[in-house]
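Since the structure comes first, as structure tokens, the remarks are kept for the end.
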Amino acid sequence: MLSVLRSQAALALDTETTGLRPWQGDRLFSIIVATAHDEFYFNFNAHHREHESFLERRYIAEWFSPILGDPNKTIYKHNAKFDMAMLHNEGITEFNATIIDNEILARLYDNARFKYSLDALAGLIGHTKGGLKEWLLANGYWEWRSEPGEEKRSKHPLFYKAPLERIVPYGCGDGRTTFDLAVWLLQKLKERDDNRHPQQPSILQVISLEAKTTKELFHMERHGVLLDREYTAEARAYEEARAQDLRCEFKAATGVDFVDSAKCLSAVFKQFAPDDVARFRKTEKGNLSFKDDVIATFQSPLAQVVREHRDAYKRAGTYFSNYELLVDDRGRIHPNFRQGGTKTGRLSASDPNVQNVTKGKDKESRFPIRRCFIPPPDSFLVSVDLDQVEYRLMLDYAAEKDVIRQVVDGVDVHQATANMMGVDRASAKTINFMLLYGGGPLKLAHELKIPLREAKSLRELYFDRLPKVTSLIKAIIRKAETDKVIYNWFGRVYRFPDKRFAYKAPNYLIQGGCADVMKIGMVEAGNDKLLKGTRSTQVLSVHDELVFYVHKDELDLVPKIQQIVEKAYPYKHLPLTAGVEISSISWGDTEDFDAWKAGLNATSAL
DNA sequence: GAACAACGCACC
DNA sequence: AAACGGTGCGTTGTTC
């Protein structure tokens, strides 16, 4: 059987596991391999020890390392990084095979589907996923379990206890679907590619970049980011106490138990702050809105209590306590970077979402959240951040020479726009955002707090002074409407079957274009390339920012990383630039790299 | 209990 | 004619 598998150029591989937390103790108990014609079920489940398909767990690495370590093999998976993590737990460390993730292929095939689960995609090739979960729940193979940090319990299906006559066909079915789906998607993508305009870059290079990105992300996730557990615990306690005090204050003032819901707030504010009621705005669904910018204008001090409570409660819950629940026993957090998570090609992050960690004014708070994330003892935390990458890409695409000349000379992008228009920088920045996001005059008027008439004439002024950007945006929308498909600079494709959404096309093109710049940067600067064999590593990606741990003896890597990221985009008119920040303390304490270095030299000269 | 809608809010 | 893009996550309240 092994020689059969080792002779295959392409295999689908799937695992079955005790749970969804590879870094917090869950283990695989079976491996399913599918070839073009067959499926193989490998059972490592001690629960089925007596069954003839049972194998000792220690054989996993011996059997599967040669397959996953073979650079000439292609492995198809669904949610590849998860299986890689589970395999890594069994001692498989080399992933030299090309790993193709169906979710990512499916995004390239059609970026606007509602779901990308194996279940949802199986329909594309006429397969249906077996409903083992439902069967387990209905037949007593479950137990009550509560999520970490949660009180309420829910029924948890016990896959590892499932009878073999159920789980083997189920697992093999998934393996079959994974293989066939990958073949089908690759075929469809190649057919399209063959019919593309000769000047369009091939989708094959996008697929190849994504495959490399999968490995880099796996490496980042496996390594994880170090959590300052003492700080996090202290911060959580502080914010929880603050929230508690505010709830008491609310109760004392109103006699009502605080609940942050429209029901509670509307009752309370109508009674205690009738003057503010006049200012009430409505939500999209026509209900009373209690958004921060609404209640910030309230006269009633109760509104301030609510605002404060929201802040404390969110910091304690969404950030600090969540980190404590997700940290492993080595003090590391392993965020999940979802490679097929967005319509544009960006990454998304979850468990925790490290891409929405508060920034900016958060630095002045008692416990800034970014301080939770620290470098290891002998390393620095280095952040490389592309400067206004979306605007710059748009200017380069548009070849808007006058603005570009200013920017190349060192003028900030928004200031350069402001100079062209003869308006202030803030207005120019808002307009740039509008353009990038496809906003209309109404939104512009709202953002700048000016009458609609003025917003319209401001737009006209922009169109007049930056004609190249304007015509670029119009051309992209027109192309999306007529061709129903557009390609970014790297060859990533976006479909617009419905004309009504063509206004999103410029945003997809720019946002997704930047995403590919960053993916190239990640791979080139990553743990398989520049950082291979070093004591430094890449740890996080936040859209236009990459975060590294750079060992103290390897600081010469910093300018190299910076250069790689800046050079990732082959510009025509306007090069990209990246800012570098560094800290020996935390993500919340970074300072400009050059200034830091100058300070270091000054100190050592003493 | 589970699933969903609605809301609000953090980021780029 | 009119449209601000892309995310993840926590809580509340409703419904089955």
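Throughout, protein chains are lettered first and strands after them, A, B, ... in sequence-line order, and every chain is numbered starting at 1.
- Rounded to a whole Å, the CH2 atom of W144(A) is 6 Å from the P atom of dG1(B).
- Computed from coordinates, the E447(A) CD to dG5(C) P distance equals 12 Å when rounded to whole Å.
- Summarising the geometry, the separation between CE on M394(A) and C1' on dC4(C) is reported as 13 Å, rounded to the nearest angstrom.
- With contacts defined as side-chain heavy-atom distances shorter than 4.5 Å, the pair F82(A)/L20(A) qualifies.
- Aromatic rings from F250(A) and H309(A) are positioned such that their centres are separated by 6.0 Å or more.
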- prompt: In dot-bracket form, how is DNA chain C paired, counting a Watson-Crick or G-U wobble pair only if both its distances are under 3.5 Å and using | for bases paired to another strand?
  reply: ....||||||||||||
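- Remark: P of dG1(B) and CD of E134(A) are 20 Å apart, rounded to the nearest angstrom.
- F367(A) pairs with exactly one of F320(A), Y319(A), Y231(A) by the ring pair (Phe, Tyr, Trp, His ring centres under 6.0 Å) rule, that one being Y231(A).
- The separation between M518(A) atom CE and dG6(C) atom C1' is 15 Å, rounded to whole Å.
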query: Just by protein heavy atoms under 4.0 Å, how would nucleotides 11-16 of chain C read 5' to 3' in B, S and -?
result: SSS---
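- Partner of D260(A) under the salt bridge (Lys or Arg N to Asp or Glu O under 4.0 Å) criterion, out of K314(A), R307(A), R310(A): R310(A) alone.
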- prompt: Which parts of nucleotides 5-12 of chain B does protein reach within less than 4.0 Å, heavy atoms only, written one letter per nucleotide 5' to 3' as B for base, S for sugar-phosphate only and - for none?
  reply: -SSSBBSB
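- Applying the side-chain hydrogen bond (donor to acceptor under 3.5 Å, both in side chains) criterion to T318(A), with sequence neighbours excluded, gives no partner residue.
- At a cut-off of 3.5 Å, with distance as the only test, a side-chain donor of Y569(A) or D396(A) sits close to an acceptor on the other residue.
- At a threshold of 4.5 Å between non-hydrogen side-chain atoms, the residues V327(A) and Y323(A) do not count as touching.
- For CD of E284(A), the number of neighbouring non-hydrogen atoms (other residues, nucleotides, ligands) closer than 6.0 Å is 12 at most.
- With sequence neighbours left out, the side-chain hydrogen bond (donor to acceptor under 3.5 Å, both in side chains) criterion links R153(A) to no other residue.
- Whole-Å rounding puts the F320(A) CZ to dG10(C) C1' distance at 16 Å.
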So which protein nitrogen or oxygen atoms get under 3.5 Å of nucleotides 1-3 of chain C's nitrogens or oxygens?
none

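- At distances below 3.5 Å, not a single donor-acceptor pair connects side-chain atoms of Q388(A) with backbone N or O atoms of D412(A).
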